[in-house]
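Note sheet for the following structure.
Residue numbers run from 1 in the order of the sequence given. Worth knowing before you read on, the calculation uses all heavy atoms, side chains too, and leaves out hydrogens, waters and symmetry mates.
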Amino acid sequence: MEKSGFNTGLLHGKTSSGYSQREILPPVSQVTAYAYENMEELEKVFAHKSMGYAYTRIGNPTLAAFEQRINELEGGAGAISCSSGMSAISCALLALCESGDEIIAGKGLYGGSINLFHDLEKLGIHTVFADVINRENVEKLLTGKTRAVFGELISNPSLTVMDVAGAAEAAHNAGIPLIVDSTTATPYLARPLSMGADIVVHSTSKYINGGGNAIGGMIVYGGRFNWDFEKYRTLTEFRKYGKMAFLLRLRTDLWENLGGCMAPVNAFLSYIGLDTLGLRMERICSNADKLANALAELPGIKVNYLTLKDHPYHAYVEKELNGYGGGILNFRAGSKEKAFKIINSLKYSLIASNIGDIRTLVIHPASTLYVHTGLEEMEAAGVYEDTIRVSVGIEDPEDLIKDFTEAIRNAEIEE
Ligand SMILES: *Cc1c(COP(=O)(O)O)cnc(C)c1O
């Protein structure tokens, strides 16, 4: 992987071939169960004494192919696919935390993750929020009960950027792992494990799939964390696996029992989507940069995009994001009414609650994604009454710029 460029490595990596009948893509093993010649063989599979699949919720070759490929891209020691991004996040956190434990999380999070942290309160797992995950904030919020630090590398939609190396060091000094949700960055912009993170989670529903045709999630473990088994009681049973205890706890226990496996056909669709991740991200980031710069010229429009010179996290574009700003930009229209008018008159954007599609998608987050979130929490996540979120696609940039500019002008004239 290191020796070739991103796209070459992606298409010709170790895990991109070697299927049983020399297929160029993994076959879709769309079955519930696998039948054996005799009972002895199945007994061996269940006892992990011979390699084999028994039941798709526990293991499936199409899922394994997708897992291995993402694992290779992220430089992990193992990956586990899940039914959705939320399933991946819940599994990763529940594998580490029990009642009485605490999590430190960034404030500018995906709405679903904020809601999950509320749910975890009901299980006795408390979350303390930092404005952004960096060294100082982690050091400040660590307690004897902390069991995980969680943040989005580029938060969706607030666009704050984690200081991965600083946060990892602060967490590691206290014996705590760092979990990074890298959905919006994708492995094309950053490989958090190489920056010090211990666990990476993805919603593959977004940029990894890219075509908007399958929900999915992934947990990738770096394999380097030294677990203190007195402290991590959820892992005690797996102590004989040492650093790999986290992965075994998931694979043979929690992940299997929560029942959130990815559908084989979704793994296949996301696998073929992944093939073009590099090309898509290149175009998406270039389009987003051009559109953000064009919108920033318009009077009365406040644009939030990472490559804009005055962005508070601008320095991280070079430091952590491979020189790119990602595919999401936000702008404030002035009022909710104006935001709705602009959105409704766009010709080349779909009004949809998703990101990472090849088609440009727009939404008014305050009235949708954050409608069940309190005002204070919503604003802390960088969402205001007049915010429009744009997930930039791969259309021709001139068309996007013209479309947005005209929609904004028209909304002004109507006022
Ligand atoms: C969408 C998203 C999720 C949740 O993923 P699903 O696949 O929808 O469950 C988690 N984190 C981020 C940053 C997301 O954008």
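- Counted by atom type alone, Ser87 and Ser90 present zero donor-acceptor pairs between their side chains at under 3.5 Å.
- Donor-acceptor pairing under 3.5 Å is recorded for the side chains of Glu282 and Tyr188.
- Side-chain N or O atoms of Ser391 include one that pairs as donor or acceptor with a backbone N or O of Gly356 at under 3.5 Å.
- Using a 3.5 Å distance cut-off with no hydrogens or angles, the side chains of Asn156 and Thr184 do not pair a donor with an acceptor.
- Inter-residue side-chain proximity for Val303 and Asn330 is flagged as unmet; no heavy-atom pair is nearer than 4.5 Å.
- Of all non-hydrogen atoms in Leu159 and Tyr305, the two that sit nearest each other are CD1-CA, 4.0 Å.
- When all heavy atoms are compared, the tightest approach of Tyr53 to Ala64 is OH-CB, 3.6 Å.
- Side-chain contact between Pro365 and Leu369: present, with at least one pair of heavy atoms (C-beta onward) separated by less than 4.5 Å.
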Kindly indicate, with the supporting measurements, whether the criterion side chain to side chain donor-acceptor pair (under 3.5 Å) is fulfilled by Thr307 and Asp289. CA-CA 7 Å; Thr307 59; Asp289 177 71; 2.5 Å; yes

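- A donor-acceptor contact closer than 3.5 angstrom is absent between the side chains of Arg332 and Asn304.
- Looking at Tyr271, its side chain never comes within 3.5 Å of a backbone N or O of Thr62 through a donor-acceptor pair.
- Between Tyr221 and Phe246, the ring planes lie tilted relative to each other; the angle falls in the 30° to 60° range.
- Salt-bridge check for Asp119 with Lys122: passed, with a basic side-chain N closer than 4.0 Å to an acidic carboxylate O.
- The closest side-chain donor-acceptor pair between His372 and Asn115, if any, does not fall under 3.5 angstrom.
- Counting heavy-atom neighbours within 6.0 Å of Lys231 NZ, excluding the residue itself, gives a total above 12.
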Mind running side chain to side chain contact (heavy atoms under 4.5 Å, CB included) on Glu40 and Lys44 for me, showing each step along the way? CA-CA 6 Å; Glu40 284 77 6; Lys44 278 192 210 137; 5.5 Å; no

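- Around the CD atom of Glu41, the shell of radius 6.0 Å holds more than 12 heavy atoms that belong to other residues, nucleotides or ligands.
- Annotation for Tyr241: atom OH does not count as buried by contact number, only 12 or fewer foreign heavy atoms lying within 6.0 Å.
- With no hydrogens or angles considered, a side-chain donor-acceptor pair links His172 and Asp198 at under 3.5 Å.
- To the nearest 0.5 Å, atom CD of residue Glu74 and atom CG of residue Asn71 are 8.5 Å apart.
- One finds the CG atom of Leu350 at 7.0 Å from the CG atom of Asp357 (value rounded to the nearest 0.5 Å).
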Step-by-step side chain to side chain contact (heavy atoms under 4.5 Å, CB included) determination, Ile133 to Val149: CA-CA 8 Å; Ile133 296 294; Val149 178; 3.9 Å; yes

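- Counting only N and O atoms by type, the side chains of Ser155 and Thr160 include a donor and acceptor under 3.5 Å apart.
- More than 12 heavy-atom neighbours from other residues, nucleotides or ligands sit within 6.0 angstrom of CD on Glu121.
- Annotation: the span from Met86 atom CE to Cys91 atom SG amounts to 11.0 Å, rounded to 0.5 Å.
- Here the side chain of Asn134 pairs no donor or acceptor atom with the backbone of Asp163 at under 3.5 angstrom.
- For Thr360 (side chain) and Gly393 (main-chain N/O), a donor-acceptor pair under 3.5 Å exists by modelled atom type.
- For the pair Glu72 (side chain) and Thr15 (backbone), a donor-acceptor distance under 3.5 Å is present.
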Criterion side chain to side chain contact (heavy atoms under 4.5 Å, CB included) on Ile176 and Leu142, from CA distance to verdict: CA-CA 9 Å; Ile176 309 296; Leu142 277 165; 3.9 Å; yes

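- Residues Phe340 and His364 place their aromatic rings such that the two centres sit under 6.0 Å apart.
- Side-chain atoms of Glu102 and Thr143 form a donor-acceptor pair, as typed in the model, at a separation below 3.5 Å.
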Given salt bridge (Lys or Arg N to Asp or Glu O under 4.0 Å), test Arg239 with Glu230 step by step and report yes or no. CA-CA 10 Å; Arg239 72 187 315 153; Glu230 306 309 314; 3.4 Å; yes

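- Side-chain atoms of Asp181 come within 3.5 Å of backbone atoms of Thr183 as a donor-acceptor pair (strictly under, hydrogens ignored).
- Each of Leu274, Leu189, Ile358, Leu277 was compared with Tyr207 under the side-chain contact (heavy atoms from CB on, under 4.5 Å) criterion, and only Leu277 meets it.
- Using a distance-only test at 3.5 Å, with no hydrogens or angles considered, a donor-acceptor pair links the side chain of Ser345 to the main chain of Lys341.
- Contact check for Asn287 versus Leu400: side-chain heavy atoms found under the 4.5 Å cut-off.
- Looking only at distances, a side-chain donor or acceptor of Ser270 sits under 3.5 Å from a matching main-chain atom of Asn266.
- Ion pair Arg233/Asp228 not flagged as a salt bridge, since none of the NZ, NE, NH1 or NH2 atoms sits closer than 4.0 Å to an Asp/Glu carboxylate oxygen.
- The existence of a salt bridge linking Asp101 and Lys145 is excluded, since no basic side-chain nitrogen approaches an acidic carboxylate oxygen closer than 4.0 Å.
- The nearest pair of heavy atoms linking Ala54 to Leu42 is CB-CD1, 4.3 Å.
- With hydrogens and angles ignored, the 3.5 Å screen pairs a side-chain donor or acceptor of Arg280 with a backbone N or O of Gly273.
- A salt bridge links Glu169 with Arg135: at least one charged nitrogen is closer than 4.0 Å to a carboxylate oxygen.
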What verdict does the side chain to side chain contact (heavy atoms under 4.5 Å, CB included) test give for Thr56 and Thr32, after you've listed the backbone C-alpha separation in whole Å, the side-chain angles of each residue and the deciding distance to 0.1 Å? CA-CA 5 Å; Thr56 284; Thr32 312; 5.7 Å; no

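- Shortest non-hydrogen contact noted between Ile401 and Lys290 is CD1-O, 4.0 Å.
- Considering Leu295, Leu308, Ile388 in turn, Leu295 is the only one that fulfils the side-chain contact (heavy atoms from CB on, under 4.5 Å) rule with Leu329.
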For the pair Phe117 and Phe150, evaluate ring pair (Phe, Tyr, Trp, His ring centres under 6.0 Å) and give the outcome as yes or no after the intermediate values. CA-CA 11 Å; Phe117 287 117; Phe150 177 90; 5.6 Å; yes

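- Shown here for Tyr34 and Pro61, the closest heavy-atom pair between the two residues is OH-CD, 3.2 Å.
- Arg251 has a carboxylate O that lies under 4.0 Å from a charged side-chain N of Glu67, or vice versa, which qualifies the two as a salt bridge.
- For the 3.5 Å distance criterion, the side chains of Thr234 and Glu98 fail to qualify, holding no donor opposite an acceptor.
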Glu398 vs Lys402, salt bridge (Lys or Arg N to Asp or Glu O under 4.0 Å): CA-CA, chis, key distance, verdict: CA-CA 6 Å; Glu398 307 76 29; Lys402 187 157 177 280; over 6 Å; no

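- Without hydrogens or angle criteria, Ser81 side chain to Met262 main chain gives no donor-acceptor distance under 3.5 Å.
- Minimum heavy-atom separation, Trp227 to Gly242: CD1-O, 3.7 Å.
- In this structure, Lys206 is positioned above the aromatic face of Tyr110, its NZ or CZ under 6.0 Å from the six-membered ring centre and within 45° of the axis.
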